[in-house]
Structures are given as C-alpha cells and as structure tokens.
Amino acid sequence: MTKVMEIRNVETFYGAIMALRGVSLEVNEGEIVTILGANGAGKTTLMKTISGLMDPEKGQIEFNGERIDGKQPDQIVRMGLAHVPEGREVFPYLTIEENLKMGAYCRSGNIRDDIDLVYEYFPILKERRSQSAGFLSGGQQQMLAIGRGLMARPKLMLLDEPSLGLSPLLTQEIFAIIKRLNAEQKVTMLLVEQNANVALHTAHTGYVLEMGRIVMAGSCEELRKSDDIQEFYLGRQEETQRGQKRWKRRKTWR
Ligand SMILES: Nc1ncnc2c1ncn2[C@@H]1O[C@H](COP(=O)(O)OP(=O)(O)O)[C@@H](O)[C@H]1O
Ligand SMILES: [Mg+2]
C-alpha cells in the first residue's frame with residue numbers, strides 16, 4: 001500500500017502549552033483513518049499542524065514522500081491536501097456555487113464536471129446553488145464544506161468533526177456520503193471525531209488521542225472490540241462523558 005502521509009513525533013505548542021506531545025501516525029492511499037478523542041485532546045491542533053496553519057516545534061510530516069512541516073498552507077493545498085475545518089467556515093455571503101468554485105482556486109482545468117460531481121453526492125446543494133451559503137442549515141453547510149474540499153481533487157482530505165452540532169440522523173446521512181466518496185471516488189481521508197461510534201463504523205484504521213498523545217491504535221474492528229474503547233468511548237453519551245472524566249482523573253493520578 002502506498003503511504004500518503006506519515007507523521008513522526010510531532011510536538012505543537014500554544015505559547016508554553018504543549019498541545020501535541022509526540023504524535024506519530026500513518027495514512028495509506030484509499031483509506032479512511034480516524035482520530036478519536038474527547039474535547040480538548042488536540043485533534044484540531046493536529047489538523048492545523050498538518051495543513052500548515054500551525055508550525056510544529058518538533059517532528060516531521062511527510063505528504064506523498066515530501067516533507068511539508070514548515071511549508072505555507074497554500075503550498076500544502078497545492079500539493080493536494082484539502083482541509084475541511086471544524087465549524088465548516090463556508091463563505092456566508094457567497095452563493096453555494098461560488099463557494100464550490102473557491103475550492104478549486106488552487107488548480108487549473110475545467111471545474112464544471114467537478115461541480116456536477118459534488119451535486120450528484122449532495123443534491124440539496126444543486127437545488128440551492130444560487131442562494132447565499134449563510135442561509136444553509138448546519139448540516140447543509142457541512143455538505144458544502146466537504147464539497148468545497150472535493151473541488152481541489154485532493155490526494156488527502158482532512159475532516160475535522162463533521163458531526164459537530166448535527167442531529168444523529170444528519171450525522172448518519174453525512175457519514176454515509178463520506179463512506180461512498182471514499183469507496184466510489186477513492187478519496188483518502190483523515191477524519192477527526194468525538195463521535196466514536198459513527199467514526200469506528202466509517203473508517204478502516206483508528207487512533208485514540210488523549211491529552212496530546214496517541215494512546216491506542218489499530219483497525220477499527222479491533223478498536224470497536226477493545227474494553228477501554230467500549231467503556232470510555234462507546235457507552236451511552238452521558239456514561240461516555242462520565243467515563244472520559246474518570247479516565248482523565250485516572251491519568252492525573254499517575
Ligand atoms: N488558541 C489557543 N490558545 C491556547 N490553547 C489552546 C488554543 N486552542 C486550543 N488550545 C488548547 O490545546 C488543547 C487542544 O485543543 P484542540 O486541538 O482544539 O482540541 P480538540 O480539537 O481535540 O477539541 C486544549 O487543551 C486547548 O485548551
Ligand atoms: Mg477540535
């Protein structure tokens with residue numbers, strides 16, 4: 001299998017606060033790799049470090065065999081990395097179709113076919129294509145953010161918590177499309193999620209991030225069976241949150 005991304009020992013800081021404490025992971029071509037972690041674990045920091053929005057203090061990031069740590073975000077985008085950020089960040093005053101065109105700014109060639117492909121996966125965006133993106137619901141904005149990422153024809157797509165703020169039903173719908181995009185369009189994805197249940201049923205491989213460290217890794221099938229994952233991440237929502245607090249306390253005792 002071809003390695004699309006390899007991250008070795010990455011450390012990232014906010015001033016004196018160490019948010020990533022030596023993170024290493026790999027993404028192979030064609031895979032969906034998920035990173036699970038509670039609120040504040042460092043997931044978004046990792047996404048920003050990969051896409052060049054934050055510089056790591058230590059460690060290396062290779063994308064298609066080339067070092068990208070230290071490069072500017074626009075250079076990394078041009079190399080084929082699309083970042084679908086936490087909170088979608090669509091351009092509210094642009095129409096849906098204009099938002100999609102913005103996603104292709106870094107590449108040349110005919111983009112009509114790509115817009116049509118996005119509309120095939122997200123028919124609601126086609127219906128509303130001339131409306132301002134600010135009027136879309138949260139779920140539709142998430143669809144637009146993913147569509148905009150696809151417009152770059154990325155070799156790797158980073159998805160930061162696509163389920164954030166969405167109902168369980170909408171979450172299921174969006175993840176079904178993420179799965180189809182991976183299977184049918186061969187989009188390789190690195191998917192960050194707090195919702196372990198849906199992530200472990202979507203991705204192939206998973207890592208668990210706890211307070212800036214990878215504490216567990218494996219195939220999603222293995223992770224689903226793990227007692228720790230069952231107890232701390234796959235319980236009922238309120239039990240899981242209690243479990244995560246317990247886990248944090250347990251860590252501070254050590
Ligand atoms: N702008 C910031 N300044 C200082 N600390 C931050 C900032 N953003 C995030 N952090 C801290 O870094 C840690 C990781 O945050 P983040 O990557 O956003 O976590 P996650 O995405 O997993 O919820 C948290 O402890 C958070 O408080
Ligand atoms: Mg986050």
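Each residue takes its place number in the sequence, starting with 1. Whatever order the structure lists ligands and atoms in, that order sets their numbers, starting from 1.
The pair Glu6-Lys3 meets the salt-bridge criterion, with a side-chain N (NZ, NE, NH1 or NH2) lying under 4.0 Å from an Asp/Glu carboxylate O. Here Glu29 does not pair with Lys155 in a salt bridge; the nearest charged N to carboxylate O distance is not below 4.0 Å. Salt-bridge annotation for Lys43 and Glu161: present, with a side-chain N of the basic residue lying under 4.0 Å from a carboxylate O of the acidic one.
Numbered from 1 in the order shown, with element, the atoms of ligand 1 that lie under 4.0 Å from a heavy atom of Asn39 read 23 (O). With ligand atoms numbered from 1 in the order given, ligand 1 contributes 22 (O) to contacts under 4.0 Å with heavy atoms of Ala38.
Side-chain atoms of His204 come within 3.5 Å of backbone N or O of Ile32 as a donor-acceptor pair. With hydrogens and angles ignored, the 3.5 Å screen pairs a side-chain donor or acceptor of Asp69 with a backbone N or O of Ile61.
At a distance under 4.0 Å, no protein heavy atom can be found next to atom 26 (C) of ligand 1.
The OG1 atom of Thr44 and the OE2 atom of Glu86 meet at the Mg ion (ligand 2) at an angle of about 90°, given to 10°.
Looking at Ala19, Gly40, Gly42, Gly37, it is Gly40 that brings a heavy atom closest to atom 23 (O) of ligand 1.
Exactly one residue among Lys101, Arg153, Arg148 makes a salt bridge (charged side-chain N to carboxylate O under 4.0 Å, His left out) with Asp114. That residue is Arg153.
Within the 4.0 Å heavy-atom shell around ligand 1 one does not find Gly212.
A cation-pi arrangement, defined by a distance under 6.0 Å to the six-membered ring centre and an angle within 45 degrees of its axis, is absent between Arg180 and Phe175.
Considering only non-hydrogen protein atoms, atom 18 (O) of ligand 1 sits nearest to Thr44 CB, 3.8 Å. In this structure, atom 17 (O) of ligand 1 lies nearest to the protein heavy atom Thr45 OG1, 2.5 Å. Nearest protein heavy-atom neighbour of atom 8 (N) of ligand 1: Tyr14 CZ, 3.3 Å.
Polar contact with ligand 1: absent for Ile17 (N/O pair, distance under 3.5 Å).
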